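What follows is a short report on a single structure.
Remember, predicted model here, so these are calculated numbers, not experimental data. Residue numbering restarts at 1 for every chain, and letters A, B, ... go by the order of the sequence lines.
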There are 2 protein chains.
Amino acid sequence: MPKSKSYKLDAEPADLPPEADQAHRFEKARTAQATALLEDYAELISDLIGTEGEARPTDIARRLGVSHATAIKSIARLKREGLATSKLYRGVFLTPAGEMLARRVRARHRLVVDLLVAVGVPQEAAEVDAEGIEHHVSEETLRAFAKFLGRA
Amino acid sequence: MPKSKSYKLDAEPADLPPEADQAHRFEKARTAQATALLEDYAELISDLIGTEGEARPTDIARRLGVSHATAIKSIARLKREGLATSKLYRGVFLTPAGEMLARRVRARHRLVVDLLVAVGVPQEAAEVDAEGIEHHVSEETLRAFAKFLGRA
DNA sequence: TCTGATTTGTAGCCGTGGCTACAATTAAGC
DNA sequence: GCTTAATTGTAGCCACGGCTACAAATCAGA
Ligand SMILES: [Mn+2]
Ligand SMILES: [Mn+2]
Ligand SMILES: [Mn+2]
Ligand SMILES: [Mn+2]
């Protein structure tokens, strides 16, 4: 059998030209960046609902440090992608898909912070950097982090 | 004197409202994302010049996995920001500022990959994830990585 | 040399995610 | 209940970074 396609979660690049490999890496980073915003919103909305009982656009905007108009537009994108719904003046809600995403993202966020702290990064720096790093950590890397932290 | 402004490299958030803290983290991540492209270009151009003797827009585009038109527009931004110059059909060059950026970025890239591998991430996953992660690793975190790797 | 391939540049489109300004709606307080 | 404040939504602007299509310039080979 030729190549025997692997059935892993993250598709393999296959060893063709070496430059295509690099292109593939950049492409992955671009994709991750494109979903980063959705991930942060899902996590934040879930947090707000959990701690405040509701997630209003204004609060979301303030937490993210953007204008409410920007937040509303991004929320529109979340709805468009089937991750959220909203009732006027009743705040934003997550669909099952949105909830699932939020759970995954929250767990990943924590793991990344914990890993950073574990290798000696000061708590506050870990919190700051993790907010960006998290979106680029693959499942495979995440498993390695968990194992390193003794949570295999 | 009020507040006594701190003179650290990374400005401090100051402990005002707790929500402003979170906003600050998101803002940092957004800033990092905005410079990510410039960093990748600088590093790649430097690499190409080192290995091929020149960095032509077409080659840059192929390595990044984007169209040549996209690469040319991004190179225009590099020039605009004083990081690169270019002679027609003679390729792209880095200004001193660009060179400095490239060196910093390359060193950081390596450190990130090495850290990932050191905590058990498979080589290929480390290479892929590092391409995105690197742009969100602060100086402080980088120092922690170096120390962890025994290169303090 | 000159002709065809390669490279580079330009133009114009799109979606995203910022912003301000203004409008409309709802909530709160008197 | 009315008035005012807060919230939400809309409109319109911008820069960025993707893309395709086309044009121009350069390079290379016959
Ligand atoms: Mn984040
Ligand atoms: Mn997060
Ligand atoms: Mn990168
Ligand atoms: Mn890199």
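Counting only heavy atoms from C-beta outward, the side chains of B/Tyr41 and B/Val92 never approach each other to under 4.5 Å. Proximity of A/Gln123 to A/Val113: side-chain heavy atoms (C-beta onward) are separated by under 4.5 Å at one or more points.
Residue A/Ser67 has its side chain nearest to C/dT20 when only D/dT8, C/dT20, C/dT8 are considered. Each of D/dA21, D/dT10, C/dG18 was ranked by its minimum atom distance to the side chain of B/Ala69; first place goes to D/dA21.
Close to C/dG17, at under 4.0 Å from its OP1 or OP2, lies no side-chain N or O of A/Thr70. Listed pair B/Arg30 / C/dG17 fails the phosphate criterion, with no side-chain N or O lying under 4.0 Å from OP1 or OP2. Taking 4.0 angstrom as the limit, A/Thr58 places none of its side-chain polar atoms (N or O) nearer than this to OP1 or OP2 of D/dA6.
Note: CD1 (A/Ile75) to P (C/dT16) measures 15 Å, nearest angstrom. For B/Lys73 and C/dT10, the NZ to C1' distance is 10 Å, given to the nearest whole Å. Atom P of nucleotide C/dG15 and atom CG of A/Leu37 are separated by 17 Å, given to the nearest angstrom. Rounding to whole angstrom units, OH of residue A/Tyr41 and P of C/dG18 are separated by 6 Å. Atom NZ in B/Lys87 sits about 15 Å away from atom P in D/dT26, given to the nearest Å. Taking atom CD of A/Glu81 as the reference point, atom C1' of C/dT16 lies 11 Å away to the nearest angstrom. When rounded to the nearest whole Å, the span between CZ of B/Arg62 and C1' of C/dT7 equals 12 Å. The separation between A/Asp40 atom CG and C/dT16 atom P is 17 Å, rounded to whole Å.
Position along DNA chain C of the nearest nucleotide to A/Leu88 versus B/Gly91 favours B/Gly91 as the more 5'-ward residue.
Aromatic stacking of B/His68 on C/dT7: not satisfied for centres closer than 5.5 Å together with planes under 30 degrees.
Within the nucleic acid shown, B/Arg80 comes within 4.0 Å of sugar-phosphate atoms alone, with no base atom in reach, counting heavy atoms only. In this structure, B/Arg90 reaches the sugar-phosphate backbone alone: every heavy-atom distance under 4.0 Å involves primed, P, OP1 or OP2 atoms, never a base.
Side-chain atoms of A/Tyr89 and base atoms of D/dT8 include no donor and acceptor less than 3.5 Å apart.
When hydrophobic clusters are built by joining Ile, Leu, Val, Met, Phe, Trp and Tyr residues whose side-chain heavy atoms come closer than 4.5 Å, directly or via intermediates, B/Leu111 is grouped together with A/Phe148.
A donor-acceptor contact closer than 3.5 angstrom links the side chains of A/Lys79 and A/Ser86.
For A/Asp40, the side chain to side chain donor-acceptor pair (under 3.5 Å) partners are A/His135, not counting sequence neighbours.
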